[in-house]
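Here the structure is laid out as structure tokens; the discussion comes afterwards.
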Amino acid sequence: MYHFDSDYMEGAHPAILERMAAENFHKHDGYGCDGICDSARRRIREACGAPEAEIHLLSGGTQANATMIKALLRPFEGAVAADTGHINLHEAGSIEATGHKVLTLPHTDGKLSAEAVASYVDAFRTDGNRDHMVWPGMVYISQPTEYGTLYSLAELEALSRVCRDRALPLYMDGARLGYALAAPACDMTLRDVARLCDIFYIGGTKCGALLGEAVVIPRAGMIPHLFTTVKQQGALLAKGWVLGLQFDTLFTDGLYLDIARQALAAATRLAEGLAAAGYRFAFKPVTNQIFLRLDPGQLEKLSAHATFSPWERLDNGCEIVRMATSWATSMEEIEAFLEDLARR
């Protein structure tokens, strides 16, 4: 059986594990106030082209989203997101649990458009009943989206412009940001993300780290007392050096994007093989996530060879499923799977 359920099924890149073993008996200051975390922050600032950026290291994506959205919003505000957005569908109400509503808008291929956001916010601000309603306080997007699609640089620039014209923070969920930036179809860089987003995070858990996400705030001081807020949310790791070491390693000699490219190469070969075997894509594969539209017979056959994630049931009896490669997926594994699929 082959496993393509997600991109966090393996542990960590060997370079991280080797360095962690070497540091294991060294003593480090707690809560990210150590030299390794300082080095990681320097490397991330340099990669982002944001020398003054504030960087916080948190353990996981849902934790990062809930903590940062709670810190950004006032009690009467909510987060604008696509109706397919991760915080709306796949985070078990973690945002609502902080007291903030997710304000959903229709999507196009999983993406929010600048025009839709502008129309929604402008209509809200001129609504005579607005004081009885949840105010839009920020805009949430992810790169890539829940459908594995990518915002183009022009789309991100347009969203950023709409948000800044209306004094709304633009927040990017970057759980798989490495796979997005390394994709041939992507026309933006990490520096573009830092220039256009008010807050974003660089995913480690899905992109080579054992755990961890690096929250980047290009304009330091945007959220006063954020360190204390992070601790209030239970998101401040005492052994912060464990997170810092991983990002310090990933951002040394281009490792973060290099291993993302390995995942993309594996996904490209997997998509080619699936297409040749007659499988149809729900969305054009551009990152490490492949979404298939399966009829019941195809679903049964594929399930006999591999595990994957159910995504969406369609009215015609078909189902959309997701297969994902990771930084650790080998080309040998892909070829073996495709050969096995063709034989049976």
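As the structure is a computational prediction, the values presented were derived from the model and not from experiment.
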* Using a strict cut-off of less than 4.0 Å between a Lys/Arg side-chain nitrogen and an Asp/Glu carboxylate oxygen, indicate whether Asp198 and Arg164 qualify as a salt bridge. => yes

* Is Asp340 salt-bridged to Arg343, going by a charged N under 4.0 Å from an acidic O? -> yes

* Do the ring centers of Phe247 and Tyr256 come within less than 6.0 Å of each other? -> no

* To do: Under 4.5 Å between side-chain heavy atoms, chaining through other members, with only Ile, Leu, Val, Met, Phe, Trp and Tyr counted: pull out the rest of the cluster around Phe227, sorted by chain and number.
  => Tyr31, Leu58, Met68, Ile69, Leu72, Leu73, Ile87, Ile95, Val102, Met138, Tyr140, Tyr171, Ile199, Tyr201, Val215, Ile217, Met222, Ile223, Leu226, Val230, Leu236

* Which atoms form the tightest heavy-atom contact between Gly110 and Ala82, and what is the distance? -> O-CB, 4.1 Å

* To do: Examine the side chains of Gln246 and His13 and answer whether a donor and an acceptor come within less than 3.5 Å of each other.
  => no

* Asked: Considering only heavy atoms from C-beta outward, does the side chain of Ile320 approach that of Tyr147 to under 4.5 Å?
  -> no

* **Greater than 12 external heavy atoms within 6.0 Å of Asn316's CG** => yes

* To do: State, yes or no, whether a side-chain contact exists between Val321 and Trp311 at a heavy-atom distance under 4.5 Å.
  => no

* To do: Would you kindly say whether Glu213 and Thr205 are connected by a side-chain donor-acceptor distance under 3.5 Å?
  => yes

* To do: Check salt bridge (Lys or Arg N to Asp or Glu O under 4.0 Å) between Lys111 and all other residues, then give those that pass, not counting sequence neighbours.
  => Glu155

* To do: Inspect the surroundings of CZ in Arg130 and state if more than 12 heavy atoms from other residues, nucleotides or ligands are less than 6.0 Å away.
  => yes

* Nearest heavy atoms of Gly178 and Ala260, plus distance in Å -> O-CB, 3.5 Å

* Under 4.5 Å between side-chain heavy atoms, hopping through other hydrophobics if needed: is there a path connecting Phe337 to Tyr279? -> yes

* Asked: Looking at His100 versus Trp135, is the centre-to-centre ring distance below 6.0 Å?
  -> no

* Step-by-step side-chain hydrogen bond (donor to acceptor under 3.5 Å, both in side chains) determination, Ser39 to Asp248 -> CA-CA 6 Å; Ser39 178; Asp248 196 47; 2.7 Å; yes

* Worked check of salt bridge (Lys or Arg N to Asp or Glu O under 4.0 Å) between Glu77 and Lys101 -> CA-CA 7 Å; Glu77 292 177 326; Lys101 187 174 183 179; over 6 Å; no

* **Beyond-backbone contact of Asp131 with Phe76, side-chain heavy atoms, under 4.5 angstrom** => no

* For Thr307 and His3, does a side-chain donor sit closer than 3.5 Å to a side-chain acceptor? -> yes

* Structure fact -> d(Gln298 CD, Ser303 OG) to nearest 0.5 Å is 11.0 Å

* Which atoms form the tightest heavy-atom contact between Leu156 and Cys197, and what is the distance? -> CD1-SG, 4.2 Å

* Asked: If you measure from the Lys or Arg side-chain nitrogens to the Asp or Glu carboxylate oxygens, is any gap between Arg43 and Glu46 under 4.0 Å?
  -> no

* Asked: Tell me, do His28 and Ile36 make a side-chain contact under 4.5 Å, heavy atoms counted?
  -> yes

* **salt bridge (Lys or Arg N to Asp or Glu O under 4.0 Å) between Arg195 and Asp192, intermediate numbers included** => CA-CA 5 Å; Arg195 174 172 59 89; Asp192 291 320; 3.0 Å; yes

* To do: Evaluate the side-chain proximity of Leu264 to Val286: yes if any heavy-atom separation is below 4.5 Å, no if none is.
  => no

* Asked: Is it the case that Asp83 and Asn88 place a side-chain donor and acceptor less than 3.5 Å from each other?
  -> no

* Side-chain contact test, heavy atoms from C-beta onward, threshold under 4.5 Å: evaluate it for Gln143 versus Val193 and give yes or no. => no

* Would you tell me whether Asp109 and Thr149 have side-chain atoms, one donor and one acceptor, within less than 3.5 Å of each other? => no

* Can Arg45 and Glu54 be counted as an ion pair, charged N to O under 4.0 angstrom? -> no

* **Ser326 side chain near Tyr8 side chain, heavy-atom distance below 4.5 Å** => no

* **Hydrophobic cluster identity match, Val242 and Leu57, side-chain contacts under 4.5 Å** => yes

* Asked: Hey, are Glu91 and Thr62 close enough side-chain-wise for a donor-acceptor pair under 3.5 Å?
  -> yes

* Is there a side-chain contact between Thr84 and Thr145, using heavy atoms and a 4.5 Å cut-off? -> no

* Met323: which of Phe4, Phe291, Tyr2 passes side chain to side chain contact (heavy atoms under 4.5 Å, CB included) -> Phe4

* What do you reckon, is CZ of Phe308 surrounded by more than 12 foreign heavy atoms closer than 6.0 Å? -> yes

